[in-house]
Structures are given as C-alpha cells and as structure tokens.
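We name chains A, B, ... by the order of the sequence lines, and we start the count at 1 in each one. Source: prediction; values computed, not measured. The basis for the numbers below is simple: all heavy atoms, side chains too, and nothing from hydrogens, waters or symmetry mates.
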Amino acid sequence: MAESNRPENKLVAERRKKLAALRADGFAFPNTFRRTALAGQLHRVYDEHSNEAFEAEPVEVLVAGRMMTQRVMGKASFATIQDRSGQIQLFLQRDQVGKEAYDGFKGWDLGDIVWARGTLFRTRTGELSVKVCEMQLLTKSLQPLPEKFHGLSDQESKYRQRYVDLIVNESSREVFRVRSKIVQFIRSYLDAMDFLEVETPMMQILPGGALARPFVTYHNALERDLYLRVAPELYLKRLVVGGFERVYEINRSFRNEGISTQHNPEFTMLELYLAYADQTVLMDLLENLLRSLAESLFGRTELVYQGQELKFDEPFRRVTVEEAIAEQNPELDTGRLRDLDYLRDACGRLDIPVQENAGPGKLLIEIFEKTVERQLDKPTYVTAYPAEVSPLARRSSDDPWLVDRFELFMAGRELANGFAELNDPEDQDERFRQQMEQKDFGDDEAMPYDTDYIRALEYGLPPTAGLGIGIDRLVMLLTDSPSIRDVLLFPHLRPQRED
RNA sequence: GGGGGUAUAGCUCAGCGGUAGAGCAGUGGCCUUUUAAGCCAUUGGUCCUAGGUUCAAUCCCUAGUGCCCCCA
C-alpha cells in the first residue's frame with residue numbers, strides 16, 4: 001500500500017479507517033449514481049431565479065463532484081462541491097435527510113467525491129444552493145487536500161502532482177482550458193482553409209528537419225537505432241510532393257537539450273505547409289491567425305505578457321537579420337557582416353565562443369541571438385536569414401547568400417519560424433553535403449543526409465511555404481505564464497529521490 | 001557548466017546555538033441559512049541528506065540532492 005516503509009500520515013490513516021467502515025457496510029465505491037446537472041449550468045440558468053419562482057416550480061437536480069468546503073453548524077450544514085464546470089453549494093438539514101445520513105455526512109472529508117439529490121433554492125445571503133434530500137459518498141479520498149485558501153503554491157508539488165494543483169487551483173485549470181481552446185481554434189482556422197491534418201512518424205530513421213540534437217532509442221526487431229523526431233518537416237513535405245497541397249500537424253517533437261523556462265525536451269509544435277505560396281503569404285497568415293485567436297479567446301487584440309503589452313491589431317514590424325544586428329550594435333561595420341574574419345573578431349569582443357568550422361552565416365546568427373533576440377519585445381518578423389543556417393529553405397532569388405525565411409519574435413523569444421521551401425533537389429543535395437561536413441567537424445546538431453527526401457524532391461515539390469509555431473510558447477504568451485512548465489500538464493523534472 | 005534563492009506539521013508559513021510554533025486541515029464537543037463560519041478542547045515533526053565545529057546543531061561550516069530564478 002504505502003510505497004515507503006515510513007509510518008503513514010495520521011490524516012491518511014484517519015481516512016483509511018473511514019474507508020474501511022464504508023467497505024464493511026458495502027458502500028465503498030458505488031457507481032450507480034448519475035448526475036442531471038452541472039454546477040456551472042445551474043448558475044447560468046438559475047442565478048436570476050427568486051425563491052418564489054423555485055417554490056412555485058421546484059427544480060430537482062442530481063449533482064456530483066468533489067467536496068471542497070464543509071461547514072457543519074449543529075443540525076444544518078453547508079458544503080460546496082466542484083465539478084468540471086464550477087462549484088455549487090449544498091445545504092443539508094438533519095431533519096430533512098435523517099440523523100443517520102446527517103451523521104455520516106459529518107464524517108466526510110474535504111476531497112471526497114460525493115453525490116446529492118435535492119431542489120434548488122436561494123439562501124438568506126442569496127447564494128444559489130441545492131437543498132439536499134439524499135446524499136451519497138461515491139469515492140473516499142484518502143489524501144488530504146492542500147489548504148483551502150492558499151491552495152497548492154509550492155512549484156515543485158504543482159508540477160509533480162499536477163492532479164492536486166488542478167483540484168485546488170482554478171488558475172491552473174484555466175491555463176489548460178485556454179490551451180485546449182488555442183489548439184482547437186488553430187485546427188478550425190486551418191481546416192476552414194482546406195488544410196489536411198496528418199500524423200507523421202515520431203520515431204525516425206534519420207532525425208531531420210531541424211538543427212537539433214535528437215534522442216536515440218533502439219528497435220529490437222529492426223535491430224537498429226531510431227531517433228525521436230526533432231521536427232516533422234521532411235515527412236510533411238513528402239506529403240506535399242504526394243499532392244496534399246495543404247497539410248499540417250500539431251504534435252510533439254523532441255530535442256535532447258537543456259531544460260529551462262523556455263525549453264522542455266518534448267514540446268508541441270504546429271507545422272503547416274502550403275503549396276503555391278512563399279514566406280510572405282505565411283507572414284500574413286500568421287498575423288491574421290494570431291489576431292483572430294486573441295479576439296476569439298479574449299475579445300481583444302491587445303494583451304499583456306509579464307507586464308509588457310503585446311499588440312496583435314497592428315501590423316508586425318519587419319526587419320532583416322542584418323538590420324536588426326546593426327540597430328543593436330551600432331559599433332559594427334554593416335558593410336562587413338558577411339566577412340568571416342570580421343565576424344570572428346566581433347564574436348570575440350561579444351564573448352561569443354567561435355567554433356572552428358563556423359562560417360559567417362553561423363556567426364551572424366550567434367551575434368543575433370546574443371544581442372538582438374532578447375530585445376525584441378513587440379511582435380517582430382525578422383527576415384533574410386543566411387542560407388548557411390537554413391539548410392531546407394529556398395535561396396533568395398536576388399541574394400543567394402540569403403534564404404526566403406522569417407522568424408517571429410515577441411517578448412524576447414522566438415515563437416515561429418517559416419520559409420519558402422527549398423524545392424530544388426540539386427541545391428538540397430548540396431546543402432545536405434554541407435551539413436554532413438559540419439557533422440564531421442563535430443557539430444552534433446547538424447542534419448543527416450536524407451536520400452529518400454532528395455528522391456521525393458526529384459519527383460517535384462511544388463513551390464511551397466512552410467511554417468512552424470511553438471504551441472507551448474504561444475500558450476505561455478496567451479496565458480501570461482512565466483515558465484513553459486506552467487503550460488505543460490506534466491513537465492519533465494528530475495526524478496524525486498526515494499529514501 | 002557558473003552564480004543567486006529556497007528546503008521546518010498533510011498544506012501555507014513563522015522561528016531560534018539549549019530537540020520547535022501559528023493559521024488551515026484532522027480528532028472530540030457546542031451551534032438549523034453559513035461561506036477564509038464561529039467558540040472550547042486536542043492530535044500531529046528524521047526541522048532535505050551526509051559529514052564537521054561545539055558541552056550542545058533545525059540554526060554555524062563543508063559537501064551533496066530537489067525545486068525556483070539568472071547567466072553560458
């Protein structure tokens with residue numbers, strides 16, 4: 001029973017005794033009691049009803065939920081129960097339910113799952129309540145709940161025992177309701193545009209589609225290593241080759257990197273691909289999506305994240321990587337931002353470690369990440385990324401050093417990444433070869449060469465634009481959550497020590 | 001990887017070099033419209049772990065571990 005050999009908490013022992021008594025009477029875990037109403041519904045429908053109305057036309061309801069408060073006052077008692085929609089107060093009188101049932105109720109504990117049948121009425125203070133005729137304990141709760149006023153505030157417990165956090169903290173429940181609404185909204189938005197939702201492999205033979213370190217696992221029957229995907233990109237584009245001209249996937253990707261307020265090893269990403277479009281189409285699409293999302297969720301397009309205002313109603317600022325760097329680093333010579341030796345010097349002055357094999361594009365992005373990213377508070381599209389760090393993006397027609405790519409930043413963090421897709425199989429072959437060289441130099445984030453993907457491109461990928469959005473980060477912004485763990489139901493933590 | 005914070009009752013938190021306290025929750029009692037109900041009584045602790053200093057450590061020192069924050 002108890003997993004440790006420590007003596008059990010007295011509070012639990014007390015409740016276990018009560019459960020044993022229920023068991024002895026044959027009433028331990030009944031499952032024949034049904035419900036006809038939810039707390040939230042009752043408030044919505046009857047909050048304006050007067051007692052006269054209830055007396056003229058009695059409303060009988062069957063309700064059930066977790067008992068969150070209990071106030072016993074002699075021969076009358078109040079309790080509030082909580083269901084998925086909210087809370088409703090129960091009112092019991094000993095003379096109404098009988099002495100035996102009433103005494104039984106007095107022995108119930110906060111956290112017990114209970115059922116009641118009764119009629120609606122309004123108390124002296126005007127609170128809509130159920131006058132109970134009959135009650136039943138459905139599930140005995142053995143673990144005591146956190147304190148009713150402060151709830152559960154210890155971060156570690158909130159994450160490790162999310163179920164307790166959800167029971168007692170309405171604000172936590174709300175975050176995950178909003179999260180669900182966000183994903184729902186995105187689905188219906190894309191479905192309305194005739195996108196097809198698909199699912200592609202999470203276990204991949206080659207971990208492609210992003211520059212990131214993968215998790216490795218082993219498949220016994222195939223006798224080979226498999227990788228948890230770092231991105232679904234290459235499979236989704238195969239589907240565009242196959243003729244699904246608008247596809248998206250919302251699901252987990254995995255990156256074997258550090259954990260922080262912005263990073264969880266598994267995270268949820270939306271990736272979508274749209275044929276016969278370029279990155280500017282996606283920038284407009286994303287801007288519209290975010291604007292309508294905010295409006296649908298909150299009825300407004302201005303929101304506040306951690307004290308700073310985010311406006312979704314006005315067009316996002318657009319700036320190139322090189323322009324943004326020049327703004328934040330006025331001492332740099334803008335004419336030499338593609339000059340390897342110059343960039344190496346600049347990195348040295350900025351305390352950025354320089355890898356031996358890094359080219360100018362890589363160094364430019366290092367400088368961007370170090371000096372610009374955090375400053376981008378207002379929604380900003382950064383464009384014109386170096387081809388060197390974008391091995392799957394289409395080269396810009398007027399400047400082959402660059403690709404047709406953008407990233408969206410706000411509140412100092414990256415939220416989305418999109419580009420016109422590289423659909424030239426011969427250029428893609430060359431880019432993969434460059435990645436392999438980087439890998440040989442020890443860059444374990446470099447992409448592997450994917451022969452089958454090249455073959456797919458050789459069948460012909462229409463001109464296509466693709467976009468990835470970090471759903472967790474989006475939820476953080478829209479729920480004003482400071483840490484990614486606040487928007488993940490079960491964030492990864494180090495295992496607890498067992499002693 | 002580096003720096004800072006934190007770890008005391010089931011929960012939220014005080015506290016002090018002399019083995020510990022409040023509120024809530026629990027237990028017993030009073031109370032028939034309460035709502036952070038109230039009143040009386042009362043139970044409950046490996047003070048994160050391991051060493052060290054000391055007559056004496058929950059407190060001071062060292063190391064470790066979890067969690068939070070910042071930096072790389």
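Aromatic ring orientation, A:Phe215 versus A:Phe254: perpendicular (interplanar angle above 60°, classes split at 30° and 60°). Ring orientation note: the planes of A:Phe105 and A:Tyr102 are tilted relative to one another, at an angle of 30° to 60°.
Ionic pairing of A:Arg94 and A:Asp103 is not present here: no N-O contact between side-chain nitrogen and carboxylate oxygen is shorter than 4.0 angstrom. Ion pair A:Glu14/A:Lys10 not flagged as a salt bridge, since none of the NZ, NE, NH1 or NH2 atoms sits closer than 4.0 Å to an Asp/Glu carboxylate oxygen. Look at A:Arg229 and A:Glu271 and you find no salt bridge, because none of the NZ, NE, NH1 or NH2 atoms lies under 4.0 Å from a carboxylate O.
The NZ-C1' distance, from A:Lys106 to B:G26, rounds to 16 Å in whole Å. Between the P atom of B:C31 and the CZ atom of A:Phe78 lies a distance of 17 Å, rounded to the nearest Å. Distance A:Gln70 CD to B:C31 C1': 15 Å, rounded to the nearest Å. A:Glu14 places its CD atom 11 Å from the C1' atom of B:G28, with the value rounded to the nearest Å. The CD-C1' distance, from A:Glu156 to B:U65, rounds to 10 Å in whole Å. To the nearest angstrom, P of B:C67 lies 16 Å from CD1 of A:Ile484. Atom CG of A:Leu128 is separated from atom P of B:U33 by 19 Å (rounded to the nearest Å). In this entry the distance linking NE2 of A:His492 with P of B:C67 reads 13 Å, nearest Å.
Residue A:Phe490 is tested with A:Arg485, A:Arg160, A:Arg162 for a side-chain contact (heavy atoms from CB on, under 4.5 Å); the sole match is A:Arg162.
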Output side-chain donor-acceptor pairs under 3.5 Å for residues 131-138 of chain A, partner residues at least two apart or in another chain, one line each.
from, atom 1, to, atom 2, distance (Å)
A:Glu134, OE1, A:Arg117, NE, 2.8
A:Glu134, OE1, A:Arg117, NH2, 3.3

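Contact annotation: A:Arg494 side-chain N/O to B:U65 OP1/OP2 distance is not under 4.0 Å. Considering only side-chain N and O atoms, A:Arg160 lies under 4.0 angstrom from the phosphate OP1 or OP2 of B:C67. Between A:Lys18 and B:U27 there is a side-chain N or O to OP1 or OP2 distance below 4.0 Å.
Comparing the same atom, C1', in B:C47 and in B:U6 gives a spacing of 14 Å after rounding to whole Å. Here the separation of B:G21 from B:U42, taken at their C1' atoms, is 16 Å to the nearest Å. Annotation: B:U33 and B:C69 have their P atoms spaced 48 Å apart (nearest Å). Taking the C1' atom of each, B:A25 and B:A9 are spaced 11 Å apart, rounded to whole Å.
The nearest heavy atom of RNA chain B to A:Thr80 and to A:Gly107 marks one nucleotide each, and the one closer to the 5' end goes with A:Gly107.
Counting any heavy atom pair closer than 4.0 Å across all strands shown, A:Tyr102 reaches no nucleic acid atom. Across all strands shown, A:Gln143 has no heavy atoms under 4.0 Å from either base or sugar-phosphate atoms.
Side-chain contact, A:Ser85 with A:Asp83: a donor N or O sits under 3.5 Å from an acceptor N or O.
Listed nucleotides: B:A36, B:G66, B:C31. Nearest to the side chain of A:Val72: B:C31. Listed nucleotides B:C67, B:U27, B:U33 differ in distance to A:Lys131; the shortest reach to its side chain belongs to B:U33.
Within 6.0 Å of CD on A:Glu48 lie no more than 12 heavy atoms contributed by other residues, nucleotides or ligands.
Screening residues 123-147 of chain A for ring-ring contact (aromatic ring centres under 6.0 Å, His included), with sequence neighbours left out, gives no hits. Applying the ring-ring contact (aromatic ring centres under 6.0 Å, His included) test to residues at least two apart or on different chains, none of the pairs has a partner in residues 147-169 of chain A. Under the ring-ring contact (aromatic ring centres under 6.0 Å, His included) criterion, the residue pairs touching residues 20-42 of chain A are A:Phe33-A:Trp115, with sequence neighbours excluded.
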Could you list all N or O pairs between the protein and nucleotides 69-72 of chain B that sit under 3.5 Å apart?
from, atom 1, to, atom 2, distance (Å)
B:C69, OP2, A:Arg485, NH1, 3.1
B:A72, OP1, A:Lys370, NZ, 3.4

Report, one pair per line, the protein and nucleotides 4-14 of chain B atoms (nitrogen or oxygen only) whose separation is under 3.5 Å.
from, atom 1, to, atom 2, distance (Å)
B:G10, O4', A:Asn9, ND2, 2.7
B:C11, O2', A:Glu147, N, 3.1
B:C11, O2', A:Gly151, O, 3.3
B:U12, OP1, A:Ser153, N, 3.2
B:U12, OP1, A:Asp154, N, 2.9
B:U12, O3', A:Ser153, OG, 3.1

Detail all sub-3.5 Å separations between protein N/O atoms and N/O atoms belonging to nucleotides 39-43 of chain B.
from, atom 1, to, atom 2, distance (Å)
B:U43, O2', A:Lys10, NZ, 2.9

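For residues 85-94 of chain A, proximity to RNA chain B is found at A:Gln89, A:Phe91, A:Gln93, defined as any non-hydrogen atom under 4.0 angstrom from a strand atom. Sorted by residue number, the list of members of residues 51-59 of chain A with any non-hydrogen atom under 4.0 Å from RNA chain B is empty.
A search for side-chain hydrogen bond (donor to acceptor under 3.5 Å, both in side chains) contacts involving A:Glu373 returns nothing, not counting sequence neighbours. Scanning for side-chain hydrogen bond (donor to acceptor under 3.5 Å, both in side chains) contacts around A:Glu407 gives A:Tyr385, A:Arg405, with sequence neighbours left out. Partners of A:Thr383 under the side chain to side chain contact (heavy atoms under 4.5 Å, CB included) rule, at least two apart in sequence or in another chain, are A:Met283, A:Thr320, A:Phe406.
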Next on the checklist: Show, in sequence, the C-alpha distance, side-chain angles and deciding distance for A:Lys140 and A:Asp109, and conclude whether the salt bridge (Lys or Arg N to Asp or Glu O under 4.0 Å) test is met.
Outcome noted: CA-CA 8 Å; A:Lys140 185 70 201 166; A:Asp109 292 292; 2.7 Å; yes
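The ring of A:Phe298 has its center no closer than 6.0 angstrom to the ring center of A:Phe312.
Glycosidic conformation of B:U27 is anti; the angle lies outside 90° of 0.
The base of B:U33 is not paired with the side chain of A:Arg124 by any donor and acceptor separated by under 3.5 Å.
Partner assigned to B:U53 is none, using Watson-Crick or G-U wobble distances below 3.5 angstrom.
Here CZ of A:Phe78 is found 6.0 Å from OG1 of A:Thr123. Values are rounded to the nearest 0.5 Å.
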